[in-house]
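First the structure, in the form of structure tokens, and then the observations on it.
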2 protein chains.
Amino acid sequence: MKEEALRMKGIRRLAQHLDISIGTVSRALNGRPDVNEETRRRVLEAATELGYVPNQSGRSLRQGTTNIIGFMMQTGTEITGQGDTFFMSVFDGVQAVFSRHQLDLVALLCSSEEDPSDYLRRVVARGFADGLILSATQRHDPRIEFLAERNIPFVTLGRSLTDAGRPWLDLDFEGMAQAAIDRLVARGHRRIAVTRPHDDVNLGYIFVDRCREALAAHGLALDEELIFRSTPNEAGGYQIARDLLALEDRPTAILLVNETIAVGFYQALSEAGVRPGRDIAVIGRYSPQAHFLSPPLTCFRLKLRELGIALAETLLSTMPAFKHHYPQALVNAVWPMELVEGESDALTLDAAG
Amino acid sequence: MKEEALRMKGIRRLAQHLDISIGTVSRALNGRPDVNEETRRRVLEAATELGYVPNQSGRSLRQGTTNIIGFMMQTGTEITGQGDTFFMSVFDGVQAVFSRHQLDLVALLCSSEEDPSDYLRRVVARGFADGLILSATQRHDPRIEFLAERNIPFVTLGRSLTDAGRPWLDLDFEGMAQAAIDRLVARGHRRIAVTRPHDDVNLGYIFVDRCREALAAHGLALDEELIFRSTPNEAGGYQIARDLLALEDRPTAILLVNETIAVGFYQALSEAGVRPGRDIAVIGRYSPQAHFLSPPLTCFRLKLRELGIALAETLLSTMPAFKHHYPQALVNAVWPMELVEGESDALTLDAAG
DNA sequence: CATAGTACCGTAAACGTTTACGGTAGCCGT
DNA sequence: ACGGCTACCGTAAACGTTTACGGTACTATG
């Protein structure tokens, strides 16, 4: 062991220790072909022994890449309306893929006070990430065009109107709408209410449109007064139920499109002595609470971890450095949801409905 | 405008545009004293005009600092019991402070499959962040010693047994335990159950210990069979209720220390025809659902955004470059929770209890 | 033996910043 | 007129990597 200049740092230290050049060390570490297998072995060994880890700043500076993938999300959950474990679970899946490629996932948290596009602009300007995953996609989302123009790899969780040809994955709201409507109609329901978020998130449009179509296929119309908008949280669900109960001509069934509104919805019904599954049919989205409501909520459930995996693979398939690993990744796809049968939609009407 | 070499990039481009040296540009941008106020103005102006943003890799490489603060958390909520909404709110507060100092917050997501210490080791070796916030602190948490040895600024959310002298903030579980026990005893309860997470998270020990003390102060003992362990989620709450109901000598009150278990707990009670507030007193932690349970849960609520602010300030007060901004930041402190009165603890017993 | 080819390795430039150092010009006081 | 001070600015080195390029030694081929 060379004692002479042990104060050297980084790759130079390692090179000195092995008495070879830093170029060779780098090549050995990065799996380049031009290096003897025996020396490579020695380098690898010495690297773990000395605990050498390449400095990311140096590497990034040199090759203009950071090995970081950013997952952009908004803080302040009233905006997204996802359940409490939604992102955690998705992250888990995303990370499972990234870790195979030495990529690090970081959550980019856009504060509720800042404009998402401004935030994204800053992130990009700083060259923070090699690729991006966007959530809370808006119907018209300027972020998409922004990234596309700059050739920055990205995938969105959620469709928009402006993403033609751009990679996205989305939940299968159409499938949910179709299946739920069919199910309710089959049970004799004719007057069916639906919900949607209050803001411009695209899923609202998609969901309501498909509900309308599905009803039309049965010769039914979607009454405009039965489309309830609300903040996608418990209070919103409570409000929806109050509004619904106040109607002259109440619906006999309702579809709740957000995860978190069911609890508030149930509560308002309960206060009015109206019981899901007996007095009104309710179908919602899965959340950890769904099974513990009375009665258990019939809902559509999503495999979140798998969704995360698909998101990661889709993104990587658009990145030149990784695309050969994922030749057949989904680029535009909706992610299926499975029906979890509860008792909240047990109400069956006869033909007179 | 110099057309000659517009293909230059970064600071050089800016310097060329202004016909001054890159050194001066850098000094102007970074608020150094040795620069004419007039030129500084021109530089700043040109910078926004050309949309110049300093490259982070270059800067990091030079000054060995990244301007990034990492917030480490575990994905997979079965572990921490804290979900998206908890962290989002805390992040919002943290970010409010950091943005004043051009610091970026990134969430470091340790997958549920990886050992947190290993993960942290990688993060540190890569020189990813200038400082760290640790969550899900274990009773014996090797990460603390690891960071302390390397003189890496950090603060933990949650105490441990091994953090003597290290900065931490924690929720005031003692205060909650004390207030809740006092409240219940004042209402005549003598046989009070408590819960705790199933794993080695420190809060379990702290909470139960203080409950014991608080009871002792009233001349009461904490029956060991009334300490319920569970996963910190809805299913755990359900299980606890089932176990509780199966006891020969049921408690008349219970304290739920985790946020998300109340829903499951309520459900199991409901199935058995036992109503909170009438047949058993229940006190829990605030969650978005708490108010929409029947009856509304009496719970302890936390100002999460303020907690985030405090966490950020505490961390910065330990970092040489920022400490002068936060001379009086809290270094070790518990964060108070406020009581939100519901009806779930309305049950009052007479002296015969 | 000369040449070409191969396998491996060293050298040095480059990435975009920050900053220590030195230099110039103007000004003031003697 | 001169030295010293101030205010400002330019130069160049340094941070830790990766990688194009060239070089050496050896082998194979003619």
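Chain naming here is simple, since letters A, B, ... match the order of the sequence lines and numbering starts at 1 in each.
- Listed in residue order, the members of residues 58-68 of chain A having a heavy atom less than 4.0 Å from DNA chain D are A/G58, A/R59, A/R62, A/Q63.
- Every pair tested for salt bridge (Lys or Arg N to Asp or Glu O under 4.0 Å) that includes a residue from residues 25-34 of chain B fails, sequence neighbours excluded, so the list is empty.
- Taking for each of B/E37 and A/G10 the nucleotide of DNA chain D with the nearest heavy atom, the 5'-most of the two is the partner of B/E37.
- Where B/S57 and B/G23 meet DNA chain C, the nucleotide closest to each residue was compared, and B/S57 sits on the side nearer the 5' end.
- Across A/W168 and A/G158, no two heavy atoms sit closer than the pair CB-O, 4.1 Å.
- Judged by closest nucleotide on DNA chain D, B/I20 is the one of B/I20 and A/I11 placed further toward the 5' end.
- Within 4.0 Å (heavy atoms only), A/R27 reaches at least one base atom of the nucleic acid.
- Residue-level contact check: A/R12 touches the bases, meaning some heavy atom is under 4.0 Å from a base atom.
- Residues A/S117 and A/P142 come closest through the heavy atom pair OG-CG, 3.3 Å.
- Overall, the helix from C/dC1-D/dG30 to C/dT30-D/dA1 carries an axis bend of 60° between its ends, with five pairs at each end and the value rounded to 10°.
- Listed by first and then second residue, the ring-ring contact (aromatic ring centres under 6.0 Å, His included) pairs that reach into residues 122-147 of chain B come to none, sequence neighbours excluded.
- Nucleic acid contact for A/N55: sugar-phosphate only, since backbone atoms but no base atoms lie under 4.0 Å from a heavy atom of the residue.
- Between the B/D104 side chain and the B/I68 main chain, no donor and acceptor come within less than 3.5 Å of each other.
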Practice task
Start with the C-alpha distance between B/F87 and A/M88, add both sets of side-chain angles, then the distance that settles side-chain contact (heavy atoms from CB on, under 4.5 Å), and finish with yes or no.
Solution key: CA-CA 10 Å; B/F87 286 112; A/M88 296 283 196; 3.3 Å; yes
Problem - salt bridge (charged side-chain N to carboxylate O under 4.0 Å, His left out) evaluation trace for B/R41 with B/E45 - result: CA-CA 6 Å; B/R41 198 190 53 71; B/E45 194 173 298; 2.8 Å; yes
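- Between chain A and DNA chain C, the heavy-atom contact criterion of under 4.0 Å yields a 5' to 3' nucleotide range of C/dC8 to C/dG16.
- Within 4.0 Å (heavy atoms only), B/N36 reaches sugar-phosphate atoms of the nucleic acid but no base atom.
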Atom pairs and distances, donor-acceptor, side-chain atoms in residues 320-329 of chain A, under 3.5 Å, two or more places apart:
residue, atom, partner, partner atom, Å
A/Y326, OH, A/R100, NH2, 3.4
A/Y326, OH, A/H101, NE2, 2.7

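- Closest non-hydrogen pair, A/P153 versus A/D130, comes out as CD-O, 3.4 Å.
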Problem - Stepwise side chain to side chain donor-acceptor pair (under 3.5 Å) check, A/T137 with A/N202 - result: CA-CA 7 Å; A/T137 312; A/N202 203 17; over 6 Å; no
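- Proximity of A/L132 to A/L108: side-chain heavy atoms (C-beta onward) are separated by under 4.5 Å at one or more points.
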